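Structure first, commentary second.
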Amino acid sequence: MKLFLDTGNSDEIRTASAWGQIDGVTTNPSLIAKERTSFKELILEICHLVEGPVSVEALAPDFEGMMREAREYAGWASNVVIKLPLTIEGLKAARACKVAEIRTNITLCFSANQALLAARAGASFVSPFVGRVDDEGWDGMKLIEEIIQIYANYDFDTEILVASVRHPLHVTEAAKLGADVCTMPLKILKQLYHHPLTDVGIEKFMKDWEGQRQLVR
Ligand code: G3P
């Protein structure tokens with residue numbers, strides 16, 4: 001499973017890239033709004049920092065506006081992927097982007113039927129928001145299971161990108177189900193590395209080593 005960082009912060013991307021586990025970045029308007037740099041400069045910097053896909057969201061509500069944004073952002077760097085909302089206009093734009101050879105990530109997906117439509121529109125990625133599904137009292141990971149089954153039935157190429165990840169268990173479940181990608185904030189990526197027994201084990205090894213070295217000296 002590929003791991004993407006869900007952020008608009010270049011320092012976080014630098015940190016995670018140095019750990020060697022980042023295959024791409026997803027941004028969204030809320031994440032970009034937190035940063036103080038100009039939109040274009042920030043996207044160019046992020047695209048330079050990571051080799052993999054960088055999702056950049058189009059904000060226009062209509063097909064023409066989405067296509068204008070898609071053409072512009074896709075021209076900024078070869079790893080830009082255009083994030084489009086799961087609406088009629090968004091899926092129309094996804095189909096046109098496919099023809100124009102612009103990669104897309106269909107965002108704000110909350111049902112298996114929406115994911116079916118995204119794949120039929122030729123999206124490169126679909127982003128089911130598992131955390132927000134859980135927030136509403138449904139089962140976000142059950143949605144991933146359904147999408148995986150549907151995509152396998154028809155051999156769709158669209159990659160399932162698990163988004164709105166809130167805790168490490170979402171990552172484990174996504175990997176167990178065989179999702180293609182999981183995007184997460186830096187805080188959760190960091191949590192994946194940690195286990196209290198690893199820390200206790202290192203401490204004990206160091207103590208034993210130091211004790212033994214004293215005797216030998
Ligand atoms: O990039 C989209 C996404 O991961 C949103 O997460 O936590 O705002 O639901 P969240």
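For ligands, and for the atoms within them, numbers begin at 1 and follow the listed sequence. For this chain, numbers begin at 1 and follow the sequence in order. For clarity, every value in this text was computed on a predicted model and none was experimentally measured.
By the 4.0 Å heavy-atom criterion, K83 is counted among the residues contacting ligand 1. For the ligand labelled ligand 1, residue M184 lies outside the 4.0 Å heavy-atom shell.
M67 and L86 sit in two unconnected hydrophobic clusters of ILVMFWY residues. Membership requires side-chain heavy atoms under 4.5 Å apart, directly or through other members.
For the pair W138 and F110, the minimum side-chain heavy-atom distance is 4.5 Å or more. Side-chain contact between F125 and I106 is absent, with no heavy atoms from C-beta onward closer than 4.5 Å.
Here the protein heavy atom with the shortest distance to atom 7 (O) of ligand 1 is R166 NE, 3.2 Å.
E210 has no carboxylate O lying under 4.0 Å from a charged side-chain N of K207, or vice versa, which leaves the two without a salt bridge.
Using bins of under 30°, 30° to 60° and over 60° for the plane-to-plane angle, the ring pair H170/H167 lands in the parallel bin.
Heavy-atom proximity to A163, at under 4.0 Å, picks out these atoms of ligand 1: 4 (O). The R132 neighbourhood of ligand 1 comprises atoms 5 (C), 8 (O), 9 (O), 10 (P), with distances under 4.0 Å to a heavy atom of that residue.
The side chain to side chain contact (heavy atoms under 4.5 Å, CB included) test with M184 singles out one residue from T7, T26, L189, and that residue is L189.
Between T27 and ligand 1, a contact under 3.5 Å exists for no N or O pair. For a threshold of 3.5 Å applied to N or O pairs, the pair formed by T26 and ligand 1 contains no separation below that value. Of the N or O atoms in T183, none lie within a sub-3.5 Å distance of an N or O in ligand 1.
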